[in-house]
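Protein chains get the first letters and strands the later ones, always in sequence-line order, with residue 1 at the start of each.
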Amino acid sequence: MQISARHLDKMTVFDISGDIDLSTSPELRKPLLHELRELRTPRVILNLRAVRYIDSSGVASLVEGLKASRDVGSRFILFGLNTTVREVLQLSKLVRIFEICENEEQAVAP
Amino acid sequence: MQISARHLDKMTVFDISGDIDLSTSPELRKPLLHELRELRTPRVILNLRAVRYIDSSGVASLVEGLKASRDVGSRFILFGLNTTVREVLQLSKLVRIFEICENEEQAVAP
Amino acid sequence: MDRRSLLLRMELRSNPETLCVVRGALGQLAERLGFSESECRAVVLGVDEALTNIIRHAYAGQPEQPIEVWFHRIQVPSRGAGIEALEIILLDQGKKLDEAKLSGRALEDVRPGGLGLHFIRETMDEVEFSHTDGRNQLRLVKILPAQKPPAGS
Amino acid sequence: MDRRSLLLRMELRSNPETLCVVRGALGQLAERLGFSESECRAVVLGVDEALTNIIRHAYAGQPEQPIEVWFHRIQVPSRGAGIEALEIILLDQGKKLDEAKLSGRALEDVRPGGLGLHFIRETMDEVEFSHTDGRNQLRLVKILPAQKPPAGS
Ligand SMILES: Nc1ncnc2c1ncn2[C@@H]1O[C@H](COP(=O)(O)OP(=O)(O)O)[C@@H](O)[C@H]1O
Ligand SMILES: Nc1ncnc2c1ncn2[C@@H]1O[C@H](COP(=O)(O)OP(=O)(O)O)[C@@H](O)[C@H]1O
């Protein structure tokens, strides 16, 4: 898994690629929680387009991010859900709890 | 591996995709040799763009096709060589013996 | 009626970095067996979750512990006829499984974790835990696509 | 100096359909070990060719015969220091290898076949055939990328 951050005005976009599983999900969790709990960035956006695989530990990291965002009153947005990611989120019955956008334009819109 | 044929005027283009290895190379060899030896099509063109993997049995099938084309006096052209295919052909030191085109336009040009 | 042929056996260690290796092998195996792309992803997810649970729970995160995975093509009896299936057996020598903990949880309860067993059950046709000779065994069965009984039958 | 840790062991059958399963596992394993995309493809090709030869020559195309593949991370001694490498050992119980046939052939001789050994030697850092306890063994070693000695040294 690779993760990189783009800091925009009052928001941060994380571009994530590769496999999110037990071995890599800590590398997703840590920067997400730092961004929300420490930096308290008002809007945190995850670009999942290049995610090749995600399992329950990946979904758990997304849920942790969502909960942290609620705690600090930030928005937490996912976009670029490909078939693989969509299938797993649907299986988890957690699709509805996330704010999901079609593309980056929508996700960064005022 | 998937292979399908497009019959044009005095030439046939084979679109090949997937993995060419010991288990699938017979499926490549047979239609190629039929096209050359039986149908004696003057120009046989292989589109290798969607080939994900090729090993020595795949290369052997290409060499067989080339030899059959020489026997019947047909042209035998490869195009769409991606990095994977190019690396293996280079390793085999056989790149120079094949007629290789950049794209389909060149391969079908009069 | 009870034919089974070995497709593959893998012996690995309880290191999270090995998960992708099993996924790589199984993705190809499932494709070869004729599963659709979506079914391949489901089978891979189910096995990955089972391995994740062995690493996290049976071995409590301790690395370098032995795990075995057997892949067989089997025939399961079904109303007289036999239907073809992929059987996956995972074996570990970790802490004995506590069946009481396997109940799962309400998914409405939004919290991280607790999804693994749900994913395993959703992606597989049979899920069966057992313990023999000091080893935990998880048996997963996924019916091959062409043999699925017609819907509603 | 002589440390080795098991990464994976695969037990399979001499069926050509299994080749892609080994490629799937090894592709992921090599990526994890830090090989570049091109090196991953090379390692996968080398092992695929070795398996192809076992199926075609050691077992003369007979299916369902046993093949074992061991993957270890090892340290090979190199001028005092140890360098890390991936070791792959392939074992079969087929016809005893005739070393005389392994000479290879001139590549200028344009004919199908005869490329497999050339691909194995080109893609690997060490290639070693042996025969013990009635089994053929092929040992392949590929040095991990970060540890390659500087060119020209
Ligand atoms: N292989 C296993 N060995 C021991 N306990 C297990 C195993 N798999 C699951 N469990 C138990 O079942 C519970 C639910 O597992 P799961 O649904 O995967 O969620 P999570 O692993 O996130 O807790 C675990 O917390 C654990 O107590
Ligand atoms: N695993 C093996 N067991 C027995 N003989 C082998 C094995 N690998 C290679 N050989 C011998 O070496 C020869 C050259 O092999 P190779 O370069 O792979 O080309 P090809 O398999 O196309 O003949 C083979 O024809 C065979 O006689």
Side-chain angles (χ1 to χ4, degrees), chain A residues 1-2 16-34 36-37 44 46 48 50-71 76 78 81-100, chain C residues 12-28 30 35-63 65 67 104-124:
Chain A
M1 197 205 64
Q2 306 273 338
I16 302 159
S17 64
D19 294 12
I20 316 178
D21 66 3
L22 182 64
S23 71
T24 58
S25 53
E27 298 159 36
L28 170 61
R29 256 181 76 244
K30 264 180 252 164
L32 278 193
L33 296 185
H34 177 75
L36 289 159
R37 291 197 187 138
V44 170
L46 269 62
L48 302 172
V51 170
R52 198 171 55 170
Y53 180 77
I54 183 166
D55 69 3
S56 69
S57 34
V59 176
S61 301
L62 298 183
V63 173
E64 275 203 86
L66 178 67
K67 298 202 98 173
S69 75
R70 287 180 181 171
D71 291 345
F76 186 74
L78 313 179
L81 277 67
N82 55 41
T83 320
T84 304
V85 173
R86 206 171 279 277
E87 277 174 356
V88 173
L89 281 183
Q90 249 141 19
L91 212 57
S92 75
K93 309 259 164 68
L94 292 172
V95 196
R96 339 155 249 101
I97 70 166
F98 290 105
E99 182 173 353
I100 294 171
Chain C
L12 36 126
R13 295 289 176 256
S14 58
N15 309 326
E17 304 77 42
T18 319
L19 289 171
C20 64
V21 177
V22 178
R23 293 200 300 268
L26 180 52
Q28 293 286 332
F35 288 108
S36 70
E37 282 185 30
S38 169
E39 286 171 317
C40 286
R41 284 193 292 267
V43 173
V44 166
L45 180 66
V47 172
D48 172 277
E49 296 291 347
L51 285 169
T52 295
N53 278 349
I54 290 174
I55 295 173
R56 289 183 55 217
H57 302 304
Y59 286 128
Q62 207 187 328
Q65 303 307 303
I67 302 174
R105 62 170 184 94
L107 289 177
E108 296 68 46
D109 177 15
V110 177
R111 59 169 178 84
L115 282 171
L117 281 174
H118 171 71
F119 281 0
I120 297 172
R121 295 202 177 103
E122 286 289 314
T123 53
M124 297 289 164

Margin query: So which residue, A:Thr83, A:Thr24, A:Leu22, A:Thr84, ends up with the most heavy-atom pairs under 4.5 Å with chain C?
Written below: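 Most heavy-atom pairs within the cutoff with chain C belong to A:Leu22.
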Margin query: For chain A, which candidate among C:Thr52, C:Val44, C:Asp48 shows the most heavy-atom pairs at distances under 4.5 Å?
Written below: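 Highest number of heavy-atom pairs under 4.5 Å: C:Asp48.
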Checklist line | Top of C:Glu37, C:Glu49, C:Glu17 for chain A proximity - count of heavy-atom pairs under 4.5 angstrom | finding: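 Heavy-atom pair counts peak at C:Glu49.
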Notebook entry, point to check: So what's closer than 4.5 Å to chain C heavy atoms on A:Ile54: side chain, backbone, both or neither?
Noted result: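 Looking at A:Ile54, just its backbone touches chain C.
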Next item on the list: Taking A:Asp55 for its side chain and A:Ser57 for its backbone only, find out whether a donor-acceptor pair lies under 3.5 Å.
Entry: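 Flag set: sc A:Asp55 to bb A:Ser57 pair under 3.5 Å.
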Notebook entry, point to check: Side chain of C:Asn15, backbone of C:Thr18: donor and acceptor closer than 3.5 Å?
Noted result: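 Checking the backbone N and O of C:Thr18 against the side chain of C:Asn15, no donor-acceptor pair under 3.5 Å is found.
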Item checked: Pairwise distance CG(A:Leu89) to CD1(A:Ile100) - rounded to 0.5 angstrom ->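 Nearest 0.5 Å value for the CG-CD1 distance: 6.0 Å.
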Next item on the list: Taking only Lys NZ, Arg NE, NH1 and NH2, and the carboxylate oxygens of Asp or Glu, determine whether A:Asp71 and A:Arg37 approach each other closer than 4.0 Å.
Entry: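 So A:Asp71 does not pair with A:Arg37 through a salt bridge.
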Notebook entry, point to check: Between C:Ser38 and chain A, which part of the residue has a heavy atom less than 4.5 Å away: side chain, backbone, both or neither?
Noted result: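 Looking at C:Ser38, backbone and side chain both touch chain A.
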Next item on the list: Under 4.5 Å heavy-atom distance to chain A, tell me which part of C:Ile55 shows up: side chain, backbone, both or neither.
Entry: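 Side chain of C:Ile55 only, per the 4.5 Å heavy-atom cut-off to chain A.
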Next item on the list: Pick out which of C:Leu19, C:Ile67, C:Val21 makes a side chain to side chain contact (heavy atoms under 4.5 Å, CB included) with C:Leu12.
Entry: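 Testing C:Leu12 for a side chain to side chain contact (heavy atoms under 4.5 Å, CB included) against C:Leu19, C:Ile67, C:Val21 leaves exactly one candidate, C:Ile67.
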